[in-house]
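Everything below concerns the one structure shown next.
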Amino acid sequence: MKKLICVEDDENISELLAYTLASYGFEVSVCPDAGTFYASIEAELPDLVLLDIMLPDEDGTEILKKLRKRPRTARLPVIMLTAKSSQLDKIKGLDGGADDYITKPFDIMELISRINAVLRRTSPDDSSDTIDYNGLIINPSGREVFADGKKLSLTYKEFELLYQLVTHRNKVLTRDVLMNTIWGTNFEGETRTVDVHIRTLRQKLGDYGRFIKTVRNVGYMGV
């Protein structure tokens, strides 16, 4: 049984989520604030977190930022579930490391489908082993990348892009595929964000950036 934590201060919403998700086979814990949530994950990590932004003691985006900085929770699946529905809020949440972003009010069946989709994407595999990519050392479990012995400072999305390109080496990944895999959405067809992240990733990789090839009018490929 998959364990979920719902970080939500609205009692009506949290009760609805807990009841409905439990009926679909999930074990659900509710945390009304950041303090309760931190204590909960110290005891045991869930399989996925549903995270509101507007909480009484700490902004949800700040919670997400802290999760992504800690090795223990860096790859913890997080879906933002919030009333903040502007495109800017969505971009901020996804770029901050959210695996998906769902706005209130939401359709419960769609929410369940998207929870299952994130769980499939983020399920454990053999990715914990260190990868040597043309001399670039990648540690997926710790989300660390080393170039010539020096640790690189990559954002959450930059690491995910690199990981996808490395694990699908010599295979062309379209911008749409990268958006769906990493951002969990087609972003309403707005795939220019992929190009921006690839550009900054190449800059940070230095000489190793040459191993990320642009396939004109299609996408990118790790070689």
Quiz prompt | side-chain contact (heavy atoms from CB on, under 4.5 Å) between Y101 and I53, worked out | solution = CA-CA 11 Å; Y101 192 103; I53 290 180; 3.6 Å; yes
Can [X] and [Y] be counted as an ion pair, charged N to O under 4.0 angstrom?
X	Y	answer
K65	E62	yes
R68	D99	yes
E8	K104	yes

Quiz item: In chain order, what residues pass the side chain to side chain donor-acceptor pair (under 3.5 Å) check against T36, with sequence neighbours excluded?
Solution: D33
Quiz prompt | Contacts of D59 that satisfy side chain to side chain donor-acceptor pair (under 3.5 Å) - sequence neighbours left out | solution = T61
Practice problem: Write down the atom of C31, the atom of I5, and the distance for their closest heavy-atom approach. | Solution: SG-CG2, 3.8 Å
Quiz prompt | For the student: nearest non-hydrogen atoms of A18 and V30, plus distance | solution = CB-CG2, 4.1 Å
Self-check item: Exercise: do N134 and R169 side chains pair donor with acceptor under 3.5 Å
Solution: yes
Quiz item: Between D148 and Y208, do the side chains contain an N or O donor and an N or O acceptor separated by less than 3.5 Å?
Solution: yes
Self-check item: Matching residue for E158 among Q203, H197, K204 - test: side-chain hydrogen bond (donor to acceptor under 3.5 Å, both in side chains)
Solution: K204
Quiz item: Just one of V49, L81, D52 clears the side-chain contact (heavy atoms from CB on, under 4.5 Å) bar with V7, so which one?
Solution: V49
Quiz item: Is NZ or CZ of R70 both nearer than 6.0 Å to the six-membered ring centre of Y38 and within 45° of the ring axis?
Solution: no
Quiz prompt | Pairs meeting criterion side chain to side chain donor-acceptor pair (under 3.5 Å) with involvement of residues 9-32, two or more places apart | solution = none
